[in-house]
Amino acid sequence: MSTKDSIASGYYKEPVPHIAHDSPFASMMERFRFAAEILDLDEGVFKYLSSPEKVVMVSIPVTMDDGRIEVFEGYRVIHNSILGPSKGGIRYSEDVTIDEVKALAAWMTWKCAVVNVPFGGAKGGVRVNPKNLSQAELERLTRRYTANMLDVFGPDRDIPAPDMNTNEQVMAWIMDTYSMKQKKTENAVVTGKPIILGGSKGRKEATGRGVVTCTLAALGKLRISPSNTTVVVQGFGNVGSVSAQLMYEQGAEVIAISDISGGYYNKNGIDIEEAIRYSQTHGNSLEGFDGAEPISNQDLLELECDVLIPAAKEDQINKENASRIKAKIIAEGANGPVTANADKLLEENGIMVIPDILANAGGVTVSYFEWVQDRHGYFWTEERVNRRLNRMMRESFDNLFMVSEKYSITLRQAAYVYAIDRVATTLKLRGIYA
Ligand SMILES: NC(=O)C1=CN([C@@H]2O[C@H](COP(=O)(O)OP(=O)(O)OC[C@H]3O[C@@H](n4cnc5c(N)ncnc54)[C@H](O)[C@@H]3O)[C@@H](O)[C@H]2O)C=CC1
Ligand SMILES: O=C(O)CCC(=O)C(=O)O
């Protein structure tokens, strides 16, 4: 089919069956379709990349501390492994759904391609609120989820990492369970591990560090000095707190932060070191933090500021509130914080959006460094990790900025065009679809 015929036939526009409208997966597909059209992507390749390679759903029985058996549902979705072993975090959340995990897995494929990391894309999820579990119950849940995924995970197959509500300890249990079955230590099966178990220096801070590298590059393009910048951060976990801290260290005024307990606003700037100390000593929560006034999460997103960093969850900026966003730059620390139908409104208002698949790619970049170090059995200094991370993030930003200027498209569209071209070219060379 010729280019014109295929576009005219509208195959890019055909709705994907069984996908909820306005969901993270729908947003991902909308942007994928746009890039496919620009690239004149082969119809077969478009169809192939529209669906995950593998979807695994498991039931996870856990003996609770009181002797009852509870059963949780767990997922792992491999979107695509054409660029290399699949890679992506695991989130523990009561409302995680298979559609959400499918979107997150596809975003991992595009993200790895954007930063030229030789991995495919995957994501995992367990429907659980970890705050309702004791540490022992959490360990049993994690080990049983891992045992059910032994045929999926592997240092050459599929390599998990932390995401929302999972951390170094969870990664350590996954590594140990996998290693027991292999009868040898396999530390390269997960990344984001404790350093003593083969984790990489700098991985914990890597996602926030990458967000800030991109933000500084974007501020440079707008000729705004970081020390003249006001910043708002939604979400104060791994990504949000590190992004806030590093912007604060650049001399920026962080005027609002938030977490699940609510928002905190101080027009004169919040002492971020104090906020981090407070959260760490209050069960990772800002509840009761008195260095700022309370503000709703909705109002926080709509504050006048230079940089808005949504670093919590999907769909926070959508067609309802997009036209009220006043930031000059949105740096997407979270995956999918802006819906596809908000993209146009933000563009019309001249807001520069640094898309998730670029802005938060620092995490998977240092995960790649961790995997390389584990496989060599030779570990890098933090200075080396950070230097290489900054260089890769800066090169990726500059590269996408160039693509966006070349085609007169947004940075997000440029990121999809670049990533999908890279995956499709690899596919063509490997000839899998032939
Ligand atoms: N941890 C990592 O290396 C990476 C994480 N991400 C993405 O970044 C986002 C955050 O992940 P993490 O920081 O790892 O998770 P986390 O679990 O450490 O922190 C999440 C934060 O968001 C807050 N939050 C949750 N719901 C909220 C709401 N409705 N309003 C305001 N705050 C809310 C929580 O209270 C917490 O402060 C997720 O979208 C994740 O997929 C992306 C790339 C890598
Ligand atoms: O570090 C990784 O492997 C993946 C992190 C992740 O889940 C993400 O970038 O969304």
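Atoms within each ligand, like the ligands themselves, are counted from 1 in listed order.
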Review point. What residue and atom, counting heavy atoms only, is the protein's closest point to atom 35 (O) of ligand 1, and at what distance?
Key: I260 N, 2.9 Å
Practice item. Could you tell me which atoms of ligand 2, counted from 1 in the order shown, lie closer than 4.0 angstrom to a heavy atom of G89? Key: 4 (C), 6 (C), 7 (O)
Study note, to complete from the structure: Among non-hydrogen protein atoms, atom 31 (C) of ligand 1 lies closest to N297 ND2, 3.3 Å
Exercise for review: Give the residue, atom name and distance (to 0.1 Å) of the protein heavy atom nearest atom 14 (O) of ligand 1.
Suggested key: N238 CB, 3.8 Å
Exercise for review: Could you check which of N335, D259, L104 puts a non-hydrogen atom nearest to atom 32 (N) of ligand 1?
Suggested key: D259
Check your understanding: Of R412, K111, K313, which is the lone residue that meets salt bridge (Lys or Arg N to Asp or Glu O under 4.0 Å) with E332?
Key -> R412
Practice item. Please identify which atoms of ligand 1 are closer than 4.0 Å to at least one heavy atom of A334. Key: 7 (C), 8 (O), 9 (C), 39 (O)
Point to revise | 4.5 Å side-chain heavy-atom contact, E253 and T230 | key: yes
Exercise for review: Give the numbers and elements of all ligand 2 atoms closer than 4.0 Å to a heavy atom of G363.
Suggested key: 1 (O)
Revision key, fill the gap. Of V366, V211, V239, N360, the residue with the heavy atom nearest atom 12 (P) of ligand 1 is V239
Point to revise | Sub-4.0 Å atoms of ligand 2 with respect to non-hydrogen atoms of N335 | key: 10 (O)
Review point. Can you tell me which residue and heavy atom of the protein come closest to atom 40 (C) of ligand 1, and the distance to 0.1 Å?
Key: D163 OD1, 3.3 Å
Exercise for review: Run through R127, K123, R91 and flag the one making a salt bridge (Lys or Arg N to Asp or Glu O under 4.0 Å) with E100.
Suggested key: R91
Review point. With backbone taken as N, CA, C and O and side chain as the heavy atoms from C-beta onward, which portion of R203 lies under 4.0 Å from ligand 2: side chain, backbone, both, or neither?
Key: side chain
Point to revise | Closest protein heavy atom to atom 3 (O) of ligand 1, given as residue, atom name and distance to 0.1 Å | key: T207 OG1, 2.7 Å
Point to revise | Atoms in ligand 2 with a heavy atom of S367 nearer than 4.0 Å | key: 1 (O), 2 (C), 3 (O)
Check your understanding: Heavy atom of R203 under 4.0 Å from ligand 1?
Key -> yes
Practice item. Specify the protein heavy atom at minimum distance from atom 29 (N) of ligand 1: its residue, its atom name, and the distance to 0.1 Å. Key: K313 CD, 3.8 Å
Exercise for review: Could you list which atoms of ligand 2 come closer than 4.0 Å to a heavy atom of K123?
Suggested key: 6 (C), 7 (O), 8 (C), 10 (O)
Review point. Non-hydrogen atoms of Q316 versus ligand 1: any pair closer than 4.0 Å?
Key: no
Check your understanding: If you count the atoms of ligand 2 from 1 in the order shown, which ones are under 4.0 Å from a heavy atom of K111?
Key -> 8 (C), 9 (O), 10 (O)
Check your understanding: Can you tell me the protein heavy atom closest to atom 17 (O) of ligand 1 and the distance?
Key -> N165 N, 3.0 Å
Practice item. Would you indicate which of G240, A312, G235 comes nearest to atom 9 (C) of ligand 1 when only heavy atoms are counted? Key: A312
Practice item. Nearest heavy atom to atom 10 (C) of ligand 1 wins, so pick from G192, S296, A311. Key: A311
Revision key, fill the gap. Atom 21 (C) of ligand 1 sits nearest the protein heavy atom G237 N, 3.7 Å
